There are 2 protein chains.
Amino acid sequence: MANPPTIKEIAKRLNLATSTVSRALHNHPRIGLRTRMQVQALARELQYEPNRTAIFFQQKKTFTLGIILPELSEAFFSAAISGIEDTANKSDYMVLLGQSHDDTEREKKIAHIMKDHRVDGLLVSLAKNTVDYSHFEMLQKYNIPVVFFDRIPDLTDIHYVACNMESGTLQAVSLLLEKGHRVIGMINGPEELIASRQRTTGYQQALRKHRLKYDATLNINSDLTGKGTREAMKQLLSNKRKVTAIVAFNDYVSQDAVQYALEQGLQIGKDITFVSYANLPLSSYMAFPPIASVEQYPYLQGQKATEILLELLTGKQAKNEFRHVVLDSRLVIR
Amino acid sequence: MANPPTIKEIAKRLNLATSTVSRALHNHPRIGLRTRMQVQALARELQYEPNRTAIFFQQKKTFTLGIILPELSEAFFSAAISGIEDTANKSDYMVLLGQSHDDTEREKKIAHIMKDHRVDGLLVSLAKNTVDYSHFEMLQKYNIPVVFFDRIPDLTDIHYVACNMESGTLQAVSLLLEKGHRVIGMINGPEELIASRQRTTGYQQALRKHRLKYDATLNINSDLTGKGTREAMKQLLSNKRKVTAIVAFNDYVSQDAVQYALEQGLQIGKDITFVSYANLPLSSYMAFPPIASVEQYPYLQGQKATEILLELLTGKQAKNEFRHVVLDSRLVIR
DNA sequence: GTGGTATGGGCAAACGGTTGCGCAAATTTT
DNA sequence: AAAATTTGCGCAACCGTTTGCCCATACCAC
């Protein structure tokens, strides 16, 4: 037999209706025990496997979750995907992947393809300069729920999982203050990112606790590229006050910043100290790792986001309620 | 309208047959220009989008490629995925993802789910201890072509893309020899991996060129875990001859090995020198990076493998011919 | 014997498209 | 002007499965 056996085949061989076979395979109580057994026996013998595409079509469900995120090769995201995939697989969902490469246009295109493929739901971490969310609103029309994680839009009528960077930043800056640093620079991300603003808030809180006042020239918004980081460093190092510690947006930024500092002849850990936000396992391999890292729980975020999405899909969730899960970040000292 | 418009809707509104609408949308020449325009206009107006699941079902094609690989969080694989995804997207294919976590059982399970989802084709990089390929042979029955990449089975009647580690290893060991090293240890992978055997061959070739003889006690098979690496290091460092250089299986292994060496009080670059195989961008962040790395072109491998798979799907490829693409690895000196 | 209720299973529609074939009208050919 | 061909479109089957509803037969109580 060239093509795989269908339910019809089984029906014909057993002189039954396809409906009976279908029910027998699903252990429907209306089908007598002996027919049920016969059907199942033959199904096994023929190595029958239901044609999922037919079922997807019929049930209007694909058991597929879409993921859109900026960059797979960033450790943070690949850890998040692991969390997503593991969780999805437990419920027999598959995972359809798309990278935006931090490009809003690509993000839009992928969102459309995902819709065309009729994914049951979508998990999204935004491209860093996405400010227009129309391509996600469009999905509501198709009844495709979206759960954002980590890089989330600044909206309340959405579902999301994110890490609150405030607490972690507060701890990180406090640590530096306790170690005697008084002029602490911060290489922050783009203003649009909530996470950037949270970092700022945490930074300010730490200063307030120590009765120091906030100096905006020490908090630089950068675009997170290598070039941007170097410019930020240049600004910080030429500040009228002498910066002795720097909070870098993440380990990649930290790495670039360290590089720049070295080029300027500074000694890491002596002239200048770094703390950062974890992109594990990167930091464990770095030549001059930050003295502390704010953990952002990528795996957990992926897992949580997927759980929420799955709940949304099984309808356990009231549609009009928006789920907001905020994990507290936590400082890990090396 | 709650549910998206269908072809039937359009037909009804225009008093046409669904077949006509379908053809009109596909610019079938048999449909008159004016009807064609009318249909397309209305389709635009209603924002008609074909229901892909219906098409998938009908055409027995899903425009989806499956990927099975060991671990997303390894930089090598996430780079490979990027290559795969980018290439697939160009042909409007989506990418379904599964991680085996280097576990053969999981690999099998995923292969089955992929089959159930009727992926059009599969890209696979094997779990490191997979020796039974029955779950991939099974796919042939369903007419799902498989292209292996990087971690490939030791078979000839398959399609694959891989990097030949021989040339790179030859270059790497030659470099060490030229630098005066005479006792060069090698932390190799599991014997089952072709890549391990290629490394051995390259190593032997280099020695032969320099008229040195091969000492099997310097070539240790390890399981690539941190623990395995430490054991391998222990063996190498206790060799009766003094090992002054080590070829590590990859950057992760190199990292662990360096760690161990440091613990033993050795000075990297002085007492002992490392070369490795690239898991970029890891090495650029390492505290004691290897002096040279064998590049394995993950993005390119992913790209090539996908191109082959796509050709297989469009039938441009003779079915009975097996495509074997072998990229030569190349040494990159820091 | 009549009516009622399980019990076991079949019929057919529906999901949303695609496509081979047929059929009329319009156009060209001879 | 009849025949042949082209043009334009509709009919209906089909892809594999699920499911609402209907229909026998059997069994029960009265």
Side-chain angles (χ1 to χ4, degrees), chain A residues 1-40 42-43 46-64 92 115-120 142-143, chain B residues 1-40 42-43 46-64 92 115-120 142-143:
Chain A
M1 205 64 59
N3 12 12
T6 73
I7 226 172
K8 285 185 188 173
E9 283 259 337
I10 300 184
K12 197 174 296 173
R13 296 217 197 191
L14 258 37
N15 256 321
L16 292 171
T18 60
S19 52
T20 307
V21 174
S22 172
R23 290 190 171 101
L25 290 173
H26 287 74
N27 281 314
H28 191 293
R30 297 298 299 273
I31 304 301
L33 189 57
R34 61 171 342 108
T35 10
R36 218 188 302 174
M37 298 305 254
Q38 280 181 43
V39 169
Q40 295 185 2
L42 184 56
L46 296 182
Q47 300 194 54
Y48 166 76
E49 309 252 4
N51 182 333
R52 303 275 176 197
T53 64
I55 299 178
F56 294 162
F57 170 47
Q58 212 263 116
Q59 316 257 292
K60 298 169 184 302
K61 273 203 73 176
T62 57
F63 292 95
T64 303
D92 285 314
K115 176 213 58 176
D116 287 344
H117 272 250
R118 294 286 204 274
V119 294
D120 292 337
Y142 292 85
N143 244 308
Chain B
M1 205 63 61
N3 13 12
T6 73
I7 223 168
K8 285 185 188 172
E9 284 257 338
I10 301 184
K12 198 174 296 173
R13 296 218 197 189
L14 259 37
N15 256 321
L16 291 171
T18 62
S19 52
T20 306
V21 175
S22 171
R23 291 189 171 102
L25 290 172
H26 288 74
N27 281 314
H28 191 293
R30 298 299 298 268
I31 304 300
L33 189 57
R34 59 168 348 104
T35 7
R36 219 188 299 174
M37 299 305 255
Q38 280 182 43
V39 169
Q40 295 185 4
L42 183 57
L46 297 182
Q47 299 196 54
Y48 166 77
E49 309 253 4
N51 181 335
R52 304 274 177 200
T53 64
I55 300 178
F56 295 162
F57 170 47
Q58 211 263 113
Q59 315 258 285
K60 300 171 184 302
K61 273 204 73 177
T62 57
F63 293 95
T64 303
D92 285 314
K115 176 213 58 176
D116 287 344
H117 273 249
R118 295 288 203 274
V119 293
D120 292 338
Y142 292 86
N143 245 309

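These numbers come from a predicted model, not from an experiment. In what follows, chains are A, B, ... by sequence order, proteins preceding strands, each numbered from 1.
Taking atom CD of Gln58(A) as the reference point, atom P of dT17(D) lies 11 Å away to the nearest angstrom. A straight line from CD of Glu49(A) to P of dT17(D) spans 11 Å, rounded to a whole angstrom. Between the CD1 atom of Ile7(A) and the P atom of dT19(D) there is a distance of 11 Å, given to the nearest Å. For the pair Gln59(A) CD and dC15(D) C1', the computed distance is 16 Å after rounding to whole Å. Atoms CZ (Arg30(A)) and P (dA24(D)) sit 15 Å apart, rounded to a whole Å. Atom C1' of nucleotide dT17(D) and atom CZ of Arg118(B) are separated by 12 Å, given to the nearest angstrom. In this structure, CE of Met37(B) is placed 17 Å from C1' of dG8(D), rounded to the nearest angstrom. Separating the NE2 atom of His26(A) from the C1' atom of dT19(D) is a distance of 11 Å, rounded to the nearest angstrom.
Looking at which nucleotide of DNA chain C each of Arg23(B) and Thr35(A) is closest to, the 5′-most match is held by Thr35(A). The nearest heavy atom of DNA chain C to Thr20(B) and to Phe57(B) marks one nucleotide each, and the one closer to the 5' end goes with Phe57(B). A residue-by-residue look at Arg36(B) and Lys60(B) shows that Arg36(B) has its nearest nucleotide of DNA chain D further toward the 5' end.
Nearest heavy-atom pair, Tyr142(B) versus Lys115(B), reported as atom, atom and distance to 0.1 Å: CE1-CD, 3.5 Å.
Within the nucleic acid shown, Tyr48(A) comes within 4.0 Å of sugar-phosphate atoms alone, with no base atom in reach, counting heavy atoms only. Looking at heavy-atom distances under 4.0 Å, Thr6(B) makes contact with sugar-phosphate atoms alone, never a base. Residue-level contact check: Thr53(A) touches neither bases nor backbone, having no heavy atom under 4.0 Å from any strand. Looking at heavy-atom distances under 4.0 Å, Lys8(A) makes contact with a base.
In this structure the side chain of Asn27(A) reaches within 4.5 angstrom of the side chain of Gln40(A), judged on heavy atoms. Between Thr64(A) and His117(A), the closest side-chain pair of non-hydrogen atoms is not below 4.5 Å. Arg23(B) has its side chain out of reach of Val39(B): every pair of non-hydrogen atoms, C-beta onward, lies at least 4.5 Å apart.
Side chain of His26(B) to main chain of His28(B): no donor-acceptor pair is present (N/O by atom type, distance under 3.5 Å, no hydrogens or angles). No donor-acceptor pair closer than 3.5 Å links the side chain of Thr53(A) to the backbone N or O of Phe56(B). The closest donor-acceptor contact from the side chain of Thr62(B) to the backbone of Arg118(B) lies under 3.5 Å.
Protein chain A touches strand DNA chain C; the 5'-most and 3'-most nucleotides with an atom under 4.0 angstrom of its non-hydrogen atoms are dT7(C) to dG16(C).
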